[in-house]
Each structure stands twice: as structure tokens, then as C-alpha cells.
Amino acid sequence: MNFISKMLHTGLTVFALVGESGTGKSFRAKLLAQKYGIEAIIDDGLLIKDDKILAGKTAKHEKTYMGAVRIALFDDKQHRDDVAKAMQKNKIKKLLIIGTSEKMAGKIATRLQIPLPSKIIKIEDIANREEIEKAIRSRQIEGKHVIPVPAIEVKKSYSQIFHDSLRDIANKSKLKFLKKETSVMEKSIVTPEFSKKGRIEISEAALSQMAMHCINEFSQEIRIKKLSIKTDSRGYRLIITIDVPFGRQLTGEIHSLQQYIIENIEKYTGILIEEVSIIIDKITLNK
């Protein structure tokens with residue numbers, strides 16, 4: 001049994017804080033950890049404990065948005081092994097994963113081979129609409145991101161992206177879930193390289209093209225009748241109606257097709273696909 005698989009038996013409890021990018025999750029992470037007695041935080045590729053970066057590398061140091069997403073999702077084996085070792089060494093019992101969705105938090109947990117989050121906290125549960133909108137404006141207009149550790153920790157390894165530090169004094173009247181009357185926490189404000197270059201968005205038309213390409217690669221015998229994309233707070237959902245030829249083994253093959261579409265789109269775009277629904281409209285007979 002290696003060090004990673006041992007972690008499954010250490011009684012680790014995992015929490016997740018989820019919300020769209022730029023809504024203030026990292027800003028409030030330490031306060032949330034204080035409430036639940038959480039020792040460590042996973043945030044954008046970093047393992048943070050007691051105001052120190054224990055292991056990992058920050059996605060905010062990446063030059064491209066897609067590179068940042070891969071770091072945040074622990075795409076690299078060495079990266080996730082380093083973090084897993086640090087978690088075992090420090091005997092972490094409670095961990096908070098920060099992610100843009102429940103699926104992202106679950107994917108991080110799976111890649112680190114730790115239990116899935118047992119409690120999901122949404123940013124809307126701990127911040128009001130005005131606070132969230134203010135955070136979004138700061139992200140969109142100024143490109144500012146927060147790392148929930150003091151400036152000295154960020155400057156040691158990431159001085160190139162360091163922008164400013166922030167000492168936040170919070171009290172119960174401001175954040176009702178705090179245990180203590182007052183709490184002073186320092187956070188670092190950074191400006192990632194990918195943020196300086198502007199935002200990158202992918203259109204539904206481009207996603208549709210990628211999905212159709214994936215289906216064609218998977219099997220040229222499958223005919224696409226209709227493809228639609230829906231988005232909500234949890235991510236992208238694809239609904240695909242197809243015709244398949246008589247004689248195909250549908251049970252396992254359609255599931256494999258779903259996974260093929262999800263894995264390839266996530267791999268090449270960095271976005272997370274929440275769901276792919278496939279509707280078989282007709283079984284066609286070969287002429």
C-alpha cells in the first residue's frame with residue numbers, strides 16, 4: 001500500500017467551498033475553515049495550513065488560462081503526489097477544497113485519492129449578493145486574485161505576481177458564522193500572468209463543434225440528429241440526440257461515448273462538463 005492509498009484510512013474529513021470564478025471564495029476560505037475547525041485548504045493547486053504553503057504550486061503563476069486550470073485540477077502526477085505526501089506528513093484530519101463547482105471539488109479529491117467532500121458550502125451561503133458582485137467586478141476589471149496566506153509566504157515563491165496584502169478584520173456582525181468575536185487574517189492579492197492577457201471564453205458553437213468531432217472520432221456510424229448546450233451555476237450540460245446502427249452494443253458503448261466526450265473537451269479546453277445526456281432517437285438498418 002503506497003502513501004496515497006493509506007490516506008483513505010486516516011479518517012480525513014473533506015469539505016468543499018464552491019462558486020463561480022471571482023466570487024470571493026479564497027477571500028473567505030480562512031474564516032470558513034475557522035468555523036469548522038478545518039486545518040488545511042486546497043486552493044488553486046496549493047496546500048495551505050497555518051498561514052503557510054505546505055506543498056503544491058499555484059495556478060495563478062501560470063501564463064495561460066488553460067495551464068492554470070490544469071494546475072488547479074492537479075493534472076500532473078508529481079504535483080498531486082507532493083501534496084498527498086505533505087497531507088500525510090502533517091496528519092491532516094480536516095481539509096477544505098475550493099472549487100468552481102461540486103464536480104471540480106470532486107475531481108480534485110479523486111485525483112488526490114482522498115474522500116469526496118462530505119459537506120458542500122456554496123459561496124452564496126456565506127456572502128451576500130452585493131459582496132459577490134463586488135468581488136466579480138474586482139476580478140473582471142482589475143484582474144485581482146486572492147491567495148489566503150500572508151504576503152511573506154507568497155513573496156518567497158511567487159514575487160513576480162505579488163500585488164498587495166490585505167489585513168481583514170472581521171467580526172460577528174459582518175460574518176455571522178465566526179466563532180470568535182473578532183478575527184484578523186492576512187491575505188495576499190496577486191495578478192496572474194493569464195489575467196493580464198485578458199479573459200478567454202468559449203462559445204456554445206465551439207463546444208458543439210468539439211462534441212460533434214468527438215462523436216465522429218468515436219464512431220463514424222453514429223449520426224447526430226440534434227445537439228444543444230445548457231449552462232447553469234454548476235457548469236455545462238450537453239444534450240445529444242443520435243441515431244445508431246442496428247447491431248451496436250448500446251449498454252456499455254453509449255457510456256463510453258459520454259466519457260470520451262467529457263474527457264476530451266475537459267482536456268483541451270480546461271472547462272468542466274457537468275453532464276452529457278445522450279438520447280437514442282432511432283436504430284437504423286444498414287442497407
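Quick note: numbers below take in every heavy atom, side chains included, and nothing from hydrogens, waters or symmetry partners. Remember, predicted model here, so these are calculated numbers, not experimental data.
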| said: Apply side-chain contact (heavy atoms from CB on, under 4.5 Å) to residues Leu17 and Ile126 and explain how you reach the verdict. | reply: CA-CA 10 Å; Leu17 173 59; Ile126 60 173; 3.9 Å; yes
| message | Determine whether Lys107 and Arg111 satisfy the following criterion, side-chain contact (heavy atoms from CB on, under 4.5 Å), listing intermediate values before the conclusion. | response | CA-CA 6 Å; Lys107 195 160 195 171; Arg111 286 187 170 174; 3.6 Å; yes
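- Within the model, atoms CD1 of Ile254 and CD1 of Ile222 stand 5.5 Å from one another, a figure rounded to the nearest 0.5 Å.
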| query | Could you walk me through whether Leu238 and Ile265 pass the side-chain contact (heavy atoms from CB on, under 4.5 Å) check? | reply | CA-CA 11 Å; Leu238 280 66; Ile265 291 179; 4.2 Å; yes
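- Of the charged side-chain nitrogens involved, none lies within less than 4.0 Å of a carboxylate oxygen, so that Glu39 and Lys49 do not count as a salt-bridged pair.
- Checked by atom type and distance alone, the side chain of Asp43 never pairs as donor or acceptor with a backbone atom of Leu46 at under 3.5 Å.
- There is no path of hydrophobic side-chain contacts, each under 4.5 Å, that joins Tyr236 to Ile239.
- Neither Val18 nor Leu31 shares a network with the other; the hydrophobic side chains, linked directly or stepwise wherever heavy atoms of I, L, V, M, F, W or Y lie under 4.5 Å apart, form separate groups for each.
- A distance-only check finds a donor-acceptor pair linking the side chain of Arg80 to the backbone of Phe74 [under 3.5 Å].
- Of the residues listed (Leu32, Ile98, Leu96), the one engaging Lys25 in a side-chain contact (heavy atoms from CB on, under 4.5 Å) is Ile98, and it is the only one.
- Annotation: side chain of Leu227 is in contact with side chain of Met212 (closest heavy-atom distance under 4.5 Å).
- With rounding to the nearest 0.5 angstrom, the CG atom of Leu95 is 10.5 Å from the CD1 atom of Ile48.
- Linking Ile, Leu, Val, Met, Phe, Trp and Tyr residues whenever their side-chain heavy atoms come within less than 4.5 Å leaves Ile38 and Ile120 in two separate clusters.
- Minimum heavy-atom separation, Ala33 to Ile41: CB-CD1, 4.4 Å.
- Nearest heavy atom pair, residue Cys214 against residue Ile261, reads CB-CG1, 4.0 Å.
- Judged by distance alone, the side chain of Glu131 and the main-chain N or O of Asn128 form a donor-acceptor pair under 3.5 Å.
- Taking each heavy atom of Tyr36 and Lys94 in turn, the nearest pair found is O-NZ, 3.1 Å.
- At a threshold of 4.5 Å between non-hydrogen side-chain atoms, the residues Ile97 and Ile114 count as touching.
- Judged by distance alone, the side chain of Asp243 and the main-chain N or O of Lys282 form a donor-acceptor pair under 3.5 Å.
- In this structure, Val244 and Ile283 have side chains that are in contact, with non-hydrogen atoms separated by less than 4.5 Å.
- The line from CD1 of Ile229 to CD of Glu204 is 5.5 Å long, rounded to the nearest 0.5 Å.
- In terms of heavy-atom proximity, Leu116 sits nearest to Gly106 at CD2-O, 3.6 Å.
- Under the 3.5 Å distance criterion, the side-chain polar atoms of Gln258 are matched with a main-chain donor or acceptor of Val276.
- For the pair Thr284/Pro245, a side-chain contact is recorded, criterion being any heavy-atom separation below 4.5 Å from C-beta on.
- At least one donor-acceptor pair under 3.5 Å links the side chain of Ser118 to the backbone N or O of Val14.
- Here the closest heavy-atom approach between residue Ile71 and residue His79 is recorded as O-CE1, 3.4 Å.
- With contacts defined as side-chain heavy-atom distances shorter than 4.5 Å, the pair Leu47/Asp82 does not qualify.
- Remark: side-chain polar atoms of Arg28 are not paired, donor with acceptor, to backbone N or O of Ile123 under 3.5 angstrom.
- Remark: the backbone N or O of Gln78 is paired with a side-chain donor or acceptor of Asp76 at under 3.5 angstrom.
- Remark: side-chain polar atoms of Lys225 are not paired, donor with acceptor, to backbone N or O of Asp281 under 3.5 angstrom.
- When all heavy atoms of Glu20 and Thr23 are compared, the pair lying nearest together is O-OG1, 2.6 Å.
- Expressed to the nearest 0.5 Å, how far CG of Leu12 lies from NZ of Lys93 amounts to 8.0 Å.
- Atom CE of Met210 is separated from atom CD1 of Ile215 by 12.5 Å, given to the nearest 0.5 angstrom.
- Between the side chains of His213 and Gln209, no donor-acceptor pair of N or O atoms lies under 3.5 Å.
- Residues Phe246 and Ile280 share a single hydrophobic cluster, defined by chaining ILVMFWY side chains whose heavy atoms lie under 4.5 Å apart.
- Counting only heavy atoms from C-beta outward, the side chains of Ile42 and Leu112 approach each other to under 4.5 Å.
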| field | Criterion side-chain contact (heavy atoms from CB on, under 4.5 Å) on Ile262 and Lys103, from CA distance to verdict | value | CA-CA 12 Å; Ile262 292 170; Lys103 179 173 181 178; 3.7 Å; yes
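- The distance from the NZ atom of Lys134 to the CZ atom of Phe27 is 8.0 Å, given to the nearest 0.5 Å.
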